[in-house]
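Just so we're on the same page: letters track the sequence lines, and every chain starts at 1. All values derive from a computational prediction rather than experimental measurement.
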Number of protein chains: 2
Amino acid sequence: MTPRTDTRERIVEAARQLFHSQGYAATGVAQILKAADAKSGSLYYFFPTKEDLLLAVLEWYKQNLWPQVIDPVYDRVTDPIERIFGVMHGYRQMLTYTECRQGCPIGNLALELADTHPAARQMIADNFTGWRNAIKLSVEAAMDRLPEDTDAESLASFILTVMEGGMMQAKAYKHLEPFETAVAQLRDYFDRLLADGTNWNAPQRGDGAEPLDAPQVHDNPSTADRDGRDRAD
Amino acid sequence: MTPRTDTRERIVEAARQLFHSQGYAATGVAQILKAADAKSGSLYYFFPTKEDLLLAVLEWYKQNLWPQVIDPVYDRVTDPIERIFGVMHGYRQMLTYTECRQGCPIGNLALELADTHPAARQMIADNFTGWRNAIKLSVEAAMDRLPEDTDAESLASFILTVMEGGMMQAKAYKHLEPFETAVAQLRDYFDRLLADGTNWNAPQRGDGAEPLDAPQVHDNPSTADRDGRDRAD
DNA sequence: GTCTATAGAAGGATAGAC
DNA sequence: GTCTATCCTTCTATAGAC
């Protein structure tokens with residue numbers, strides 16, 4: 001047999017996708033092996049237990065936060081406030097592609113495993129911290145437009161809160177609306193924070209800080225999906 | 001044997017607690033039976049499948065939202081804004097009692113099961129809708145102090161978003177701080193909404209609408225847990 | 001590193017007596 | 001309605017050849 005050098009990665013990738021769409025406990029090792037086209041001998045050669053495979057998946061998410069989630073947005077958008085909403089827009093697009101299935105992989109695993117799998121809980125917390133730090137960079141970059149007593153850490157944490165809470169409801173309702181609403185309310189909050197920003201010499205929105213090729217990044221609250229249809233399927 | 005008349009309820013209650021602390025897939029029928037002191041014959045007499053038991057648990061949560069969550073707060077607090085933060089405070093207390101374990105039972109089940117168990121997903125959505133409607137009542141009661149274009153439904157949905165996102169992070173970090181932060185930021189948002197409220201003839205906070213016996217309901221943002229210790233265990 | 005085969009426990013669910 | 005006994009599947013993990 002030609003020995004494949006990517007077996008470990010294929011197993012991690014298959015596990016990652018299955019954990020995301022079905023959850024950890026509901027995904028059997030046999031199912032992962034089938035999806036990865038591998039045999040149990042290979043899996044247990046790389047990972048002592050299923051939980052170690054889970055930790056590798058969580059490590060993958062940690063490593064891929066910037067290349068997969070942050071960079072694509074921060075490369076297109078320069079204005080710090082719009083970078084934040086650009087990241088939210090990225091999740092919105094994911095919800096659209098998946099018809100609101102799956103949601104946030106870290107959030108899913110957090111609620112399923114935090115109480116029963118201590119090592120996984122720590123990795124999940126690390127993932128949240130990484131995300132919050134990425135957003136915090138943008139909050140800090142916008143500090144000159146925000147109220148003087150703004151705590152960048154708290155505001156970044158709140159943005160994570162809104163993202164996770166919005167994704168959860170979108171998944172529960174199988175509808176984009178609750179997520180759109182959450183983002184629109186967060187935008188309203190930011191508008192009020194910016195209106196209260198005391199440093200009027202700092203650059204404002206629309207002064208060229210926001211590139212022209214990223215208009216789709218701005219979620220317009222007034223055009224949020226409000227067609228009145230029932231949120232159920 | 002003395003036939004017990006509460007067997008069904010004991011099974012539902014045991015399942016409810018175990019699903020809350022371990023998740024649905026991770027909880028075995030045998031474990032439920034042991035906790036409920038019942039035998040499989042009884043369980044399958046009342047419930048055709050484990051999933052039907054899950055639906056009964058979700059029905060229980062629906063029935064108990066007002067008596068267990070809303071009424072205890074609304075009975076103590078009359079000011080509509082403080083009622084909202086009183087409900088948040090109730091969850092804060094639960095997090096304290098459980099040392100940030102468990103979190104929101106509905107949120108947990110939402111992320112674990114929404115994609116794979118359609119009937120459960122619908123019940124979960126119904127639970128969210130019930131919660132949102134309860135909060136919406138208070139938002140509507142405060143409309144005369146909020147900006148004219150406030151959408152009570154959206155704001156109530158956003159409050160649910162903040163609650164769920166905050167609980168998730170508290171569970172992931174095993175620390176109250178992210179929840180406190182979320183509530184403090186939501187309070188800040190409300191303060192800004194109220195400051196923008198145009199109807200200055202409407203009753204304001206501190207005019208007696210808020211009862212004196214409920215001072216503990218107000219989460220003071222400036223006293224939020226900020227001891228700087230690492231959020232891990 | 002990967003294969004086949006399988007151990008050994010736990011999973012959900014059923015049958016039939018009482 | 002509740003009991004015991006058990007069926008059959010699936011689970012995680014291991015053993016040992018290659």
Side-chain angles (χ1 to χ4, degrees), chain A residues 1-58 60 108-109 112-113 115-120 123, chain B residues 1-58 60 108-109 112-113 115-120 123:
Chain A
M1 289 295 166
T2 328
R4 287 193 260 193
T5 55
D6 61 339
T7 307
R8 201 195 116 107
E9 286 136 86
R10 282 191 348 264
I11 290 172
V12 172
E13 174 61 14
R16 187 184 68 77
Q17 289 179 12
L18 287 164
F19 291 166
H20 192 188
S21 48
Q22 301 183 331
Y24 175 74
T27 299
V29 169
Q31 196 180 5
I32 296 168
L33 293 172
K34 190 172 179 181
D37 191 25
K39 297 293 189 289
S40 77
S42 296
L43 193 154
Y44 286 102
Y45 171 77
F46 293 110
F47 307 103
T49 69
K50 184 189 175 187
E51 185 171 0
D52 289 291
L53 173 54
L54 168 66
L55 297 179
V57 166
L58 288 167
W60 184 94
N108 295 355
L109 295 172
E112 184 185 356
L113 304 170
D115 289 351
T116 48
H117 296 69
M123 290 286 294
Chain B
M1 291 294 167
T2 329
R4 287 193 257 190
T5 55
D6 62 341
T7 307
R8 201 194 115 107
E9 284 136 86
R10 278 188 356 261
I11 292 172
V12 171
E13 175 60 14
R16 186 185 70 76
Q17 290 179 11
L18 287 165
F19 292 166
H20 192 189
S21 48
Q22 301 184 331
Y24 174 74
T27 300
V29 169
Q31 197 179 6
I32 296 168
L33 293 172
K34 190 172 179 183
D37 191 27
K39 297 293 190 285
S40 75
S42 296
L43 193 154
Y44 287 102
Y45 171 78
F46 293 111
F47 307 103
T49 69
K50 185 188 174 188
E51 185 172 357
D52 289 290
L53 172 55
L54 168 66
L55 297 179
V57 167
L58 288 167
W60 184 94
N108 295 354
L109 295 172
E112 185 185 354
L113 305 170
D115 289 351
T116 47
H117 296 68
M123 290 287 292

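Remark: P of dG1(C) and CZ of Arg10(A) are 13 Å apart, rounded to the nearest angstrom. One can place CG of Asp6(B) at 13 Å from C1' of dT2(D), the figure rounded to the nearest angstrom. Between Lys34(A) atom NZ and dT4(C) atom P there is a gap of 15 Å when expressed in whole angstrom units. One interatomic measurement links the two molecules: CD1 of Ile11(A) to C1' of dT12(D), which rounds to 15 Å at whole-angstrom precision. Across the protein-nucleic acid pair, Phe46(A) atom CZ and dG1(C) atom P stand 5 Å apart, rounded to whole Å. In this structure, OH of Tyr24(B) is placed 9 Å from C1' of dG12(C), rounded to the nearest angstrom. Across the protein-nucleic acid pair, Gln22(A) atom CD and dT10(D) atom P stand 14 Å apart, rounded to whole Å. Between the CG atom of Asp37(B) and the P atom of dT4(D) there is a distance of 11 Å, given to the nearest Å.
Contacts of Gly41(B) with the nucleic acid, taken as non-hydrogen atoms under 4.0 Å apart, include base atoms. Backbone-only engagement by Lys50(A) is indicated by non-hydrogen atom pairs under 4.0 Å involving sugar-phosphate atoms exclusively.
In this structure, the nucleotide among dC11(D), dA13(D), dG12(C) sitting nearest to the side chain of Val29(B) is dG12(C). Ranking dC11(D), dT4(C), dG11(C) by closeness to the Ala30(A) side chain, first place goes to dC11(D). In the set dA13(D), dT4(D), dA13(C), the nucleotide with an atom closest to the side chain of Thr49(A) is dA13(D).
Of the inter-residue distances, the one linking Leu53(B) atom CG with Phe19(B) atom CZ reads 5.0 Å to the nearest 0.5 angstrom. For the atom pair Tyr45(B) OH and Arg8(B) CZ, the distance stands at 11.0 Å (nearest 0.5 Å). Remark: Asp115(B) CG to Asn108(A) CG distance equals 7.5 Å, nearest 0.5 Å. Ile11(A) CD1 to Tyr44(A) OH: the interatomic distance, rounded to the nearest 0.5 Å, is 10.5 Å.
Of the side-chain N and O atoms in Tyr45(B), none sit less than 4.0 angstrom from OP1 or OP2 of dT2(D). Residue Ser42(B) places at least one side-chain N or O under 4.0 Å from the OP1 or OP2 atom of dC3(D). Tyr44(A) has a side-chain polar atom (N or O) that falls below the 4.0 Å cut-off from OP1 or OP2 of dA13(D).
Side-chain atoms of Ser40(A) stay outside donor-acceptor range of the base of dT12(D), with no qualifying N/O pair under 3.5 Å.
Salt bridge present: Arg16(A) and Glu13(A) bring a charged side-chain N and a carboxylate O closer than 4.0 Å.
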